[in-house]
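Okay, so here's the structure we're looking at.
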Amino acid sequence: MALPGSLRRQPANRGLVSHCTHHHIVVFLLTFFSYSLLHASRKTFSNVKVSISSQWTPSCLNSTIPELRPYELWNSSRLFANAEDATLFLGTLDTIFLFSYAVGLFVSGIVGDRLNLRWVLSFGMCSSALVVFFFGTLTEWLHFYNMWFYCCLWIVNGLLQSTGWPCVVAVMGNWFGKAGRGFVFGLWSACASVGNILGAFLASCVLKYGYEYAFLVTASVQFAGGIIVFFGLLTSPKEVGLPELGADEDDSVEEDSNRPLMGNDDADDDDRNYSIQATDTDNQPRAIGFFQACCLPGVVLYSLAYACLKLVNYSFFFWLPFYLSSNFGWKEAEADQLSIWYDVGGIIGGTIQGLISDVLQKRAPVLAVSLLFAVGSLFGYSRSPNSKPINAVIMAITGFFIGGPSNMISSAISADLGRQELVKGSREALATVTGIVDGTGSIGAAVGQYLVSLIQENLGWMWVFYFFILMTSSTILFISPLIVREIRLLLHERHLRMLAE
């Protein structure tokens, strides 16, 4: 008894390996490191919060700064009367950045589907690097401290940085089909974690010279990366004469590999073997509308789930070094280096969980299991003792179960959602769908950063972790309809295979 096409499981890496060229490798590396550099500049800000807080408060309240006379002269330009107010403003800057970043994602996704992805990405990287330089380096060199100026710069930085993720996901989606997508995107989505590690490393190396040099180094590297992207990135296979995804209609394996993971299983197989980026008779790309993208199956549910999960993930991203310094009394440079283990866990988690989802050909059940373990790991990390090795181990485990699902939703699942059969008539949808998912996630993360600073100030760090557990549980709740549906499909496929044997 022959199995239906939708139930035939091809090796996840067969189509991927047979169609991989050196251009695929170059695209993988360029998009990987371009977004890593964007994340490195964000991580720099979170890694130098203690130094910035000290600089913005009177020297008599800081043990890190010697008392200088006359007092009025040396403290006339301080922004805040105490460290608590400075910490609250740093949290406000995080919120401002994420809100502008979220708004920018919705716009950047639409723009990316209509303009050249390479131009948009390069412009965002170079412009953001200049803003970071003005924010952290130039203002300190000129001893110019102004809250409104900082806020305006960080709003602009959020808008510019938002060009990155929709563009790199869309480029990757143009080059890599569903064959092994969970593994490839799981490995590739480690770019954010690698950027965090790079930012923490660069900041810890030059922090002794002043926090302004941490901003200077990361901004310089990011600007150089933007130039390389402009001259070296290929946004689609057709630029070098290669067939686009789904163009080879005679290859049954490739046809099966390009079938959207999120598609309707009742539809005819022959109608689902396509890529939304595939060439057609119309030379002009037809981009999907924003509201059309929102109405695609799974987009809203995954977007809401990602809002809760990104809140937790970005709270670790923005506040982990500060938490380690303030809660355990560890030096800022040591806290920066230790926080790397959270990202290491996220890299491993995203890759392994993506590979498992490829084998199962289902994403939601893998996410559910990981998030259930994430609740336990959060509870355990909240009670971590004052021991760096133990803290690092539990931190890595937490990153595995939180960072892994976050990477999957923002990359592989976003690509799945953007390649559904309902957008078969539209050549351009990946960046729009990615912008919606990541933009909604960033709104949740933006609200979360303010709530974290508020909860920590009034209730303490333990209640912050309880808040994280609540948000992780909410993530599971939002994707529960998809979990039930995909588990039913797995059981149904298994039943049909048993009948066929």
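Predicted model only: the values in this text are computed from it and were never measured. Just so you know, residue 1 is the first one in the sequence shown, and it goes up from there.
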Lys310 to Tyr306 six-membered ring, cation-pi geometry met (6.0 Å, 45°) | no
For Ile155 and Phe99, what are the C-alpha separation, side-chain angles and deciding distance, and is it a side-chain contact (heavy atoms from CB on, under 4.5 Å)?
-> CA-CA 8 Å; Ile155 289 173; Phe99 267 122; over 6 Å; no
Please report the C-alpha distance between Val447 and Thr95 in whole Å, then the side-chain angles of each, then the deciding distance to 0.1 Å, and finally whether the side-chain contact (heavy atoms from CB on, under 4.5 Å) criterion is met.
-> CA-CA 6 Å; Val447 174; Thr95 303; over 6 Å; no
Ser100-Trp154 side chain donor-acceptor pair, cut-off 3.5 Å = no
Could you check if a side-chain atom of Leu309 sits within less than 4.5 angstrom of a side-chain atom of Pro405, using non-hydrogen atoms only?
-> yes
Is the ring centre of Trp165 less than 6.0 Å from the ring centre of Trp188?
-> yes
Should the heavy atoms of other residues, nucleotides or ligands under 6.0 Å from CZ of Arg488 be counted, would the total exceed 12?
-> no
Leu216 and Phe133, any side-chain heavy atoms less than 4.5 Å apart = yes
Of the non-hydrogen atoms in Ala214 and Ala203, which two are nearest, and what is the gap between them?
-> CB-CA, 4.0 Å
Give the C-alpha distance, both sets of side-chain angles, the deciding distance and a yes or no for side-chain contact (heavy atoms from CB on, under 4.5 Å) between Phe478 and Ser303.
-> CA-CA 9 Å; Phe478 280 122; Ser303 296; over 6 Å; no
Got Tyr213 and Leu207 here, is their nearest side-chain heavy-atom distance under 4.5 Å?
-> no
Please answer whether the main-chain N or O of Leu160 pairs with a side-chain N or O of Thr163 as donor and acceptor at a distance below 3.5 Å.
-> yes
Shortest non-hydrogen contact from Trp463 to Leu459?
-> CD1-O, 3.5 Å
Parallel, tilted or perpendicular: which describes the rings of Phe468 and Phe316, with under 30° parallel and over 60° perpendicular?
-> tilted
So, does Ser474 use its side chain to make a donor-acceptor pair with the main chain of Leu470 at under 3.5 Å?
-> yes
Indicate yes or no: at least one non-hydrogen side-chain atom of Leu90 is less than 4.5 angstrom from one of Phe45.
-> yes
Identify the two heavy atoms, one from Val206 and one from Val217, that lie closest to each other, and give their separation to 0.1 Å.
-> CG1-CG2, 4.3 Å
Apply the test side-chain hydrogen bond (donor to acceptor under 3.5 Å, both in side chains) to residues Asn391 and Tyr381: give CA-CA distance (whole Å), side-chain angles for both, the deciding distance (0.1 Å), then the verdict.
-> CA-CA 7 Å; Asn391 192 288; Tyr381 188 68; 2.9 Å; yes
Rounded to the nearest 0.5 Å, what's the gap from CG on Leu301 to CZ on Arg485? Could you check?
-> 11.0 Å
Min side-chain heavy-atom separation Asp343-Val194 under 4.5 Å = no
Report the distance from atom CG of Leu454 to atom CZ of Phe467, rounding to the nearest 0.5 Å.
-> 10.5 Å
Which atom names give the shortest non-hydrogen contact between Ser315 and Val452, and what distance separates them?
-> OG-CG2, 3.6 Å
Between Thr440 (side chain) and Ala307 (backbone), is there a donor-acceptor pair under 3.5 Å?
-> no
Output the distance between atom CG (Leu477) and atom CE (Met471), rounded to the nearest 0.5 Å.
-> 10.5 Å
Would you find a donor on one side and an acceptor on the other, under 3.5 Å apart, between the side chain of Ser406 and the backbone of Gly403?
-> no
With under 30° as parallel and over 60° as perpendicular, where do the rings of Phe328 and Trp330 fit, or are they tilted in between?
-> parallel
Hey, what do you get for CG (Leu38) to CE (Met125), rounding to the nearest 0.5 Å?
-> 5.0 Å
Give the minimum heavy-atom separation between Ile96 and Cys151, together with the two atoms involved.
-> CD1-SG, 3.6 Å
Test side-chain hydrogen bond (donor to acceptor under 3.5 Å, both in side chains) applied to Tyr145 and Glu140, step by step | CA-CA 8 Å; Tyr145 310 106; Glu140 181 60 29; 2.9 Å; yes
Keeping the roles fixed (side chain from Thr137, backbone from Glu212), state whether a donor-acceptor pair exists under 3.5 Å.
-> yes
Flag for Ser41-Gln222: side-chain donor and acceptor within less than 3.5 Å = yes
Do side-chain atoms of Thr44 reach the backbone of Ala40 as a donor and acceptor pair under 3.5 angstrom?
-> yes
Using a 4.5 Å cut-off on heavy atoms from C-beta on, say whether the side chain of Leu324 contacts that of Met395.
-> yes
Rounded to the nearest 0.5 Å, the OG atom of Ser384 sits from the CZ atom of Phe465 at a distance of 8.5 Å
Do the rings of Phe32 and Phe28 sit parallel, tilted or perpendicular, given the 30° and 60° boundaries?
-> parallel
Quick one: do Tyr342 and Asn313 satisfy side-chain contact (heavy atoms from CB on, under 4.5 Å)? Show the steps, please.
-> CA-CA 10 Å; Tyr342 178 83; Asn313 195 41; 2.7 Å; yes
Give every donor-acceptor pair under 3.5 Å between a side-chain atom in residues 366-380 and any protein atom, sequence neighbours left out.
from: Ser370; atom 1: OG; to: Gln353; atom 2: OE1; distance (Å): 3.3
from: Ser370; atom 1: OG; to: Gln353; atom 2: NE2; distance (Å): 3.3
from: Ser370; atom 1: OG; to: Phe401; atom 2: O; distance (Å): 3.1
from: Ser377; atom 1: OG; to: Phe373; atom 2: O; distance (Å): 3.4
from: Ser377; atom 1: OG; to: Ala374; atom 2: O; distance (Å): 2.8

If you measure only the distance, is there a donor-acceptor pair under 3.5 Å linking the side chains of Asn157 and Tyr101?
-> no
In Å and rounded to the nearest 0.5 Å, what is the CG to CG distance from Leu37 to Leu202?
-> 9.5 Å
With side chains defined as the heavy atoms from C-beta onward, is the minimum distance between Phe149 and Phe135 less than 4.5 Å?
-> no
Any Lys43 side-chain heavy atom under 4.5 Å of Ser339 side chain = yes
Smallest heavy-atom separation, Gln161 atom then Ser128 atom, equals NE2-OG, 3.1 Å
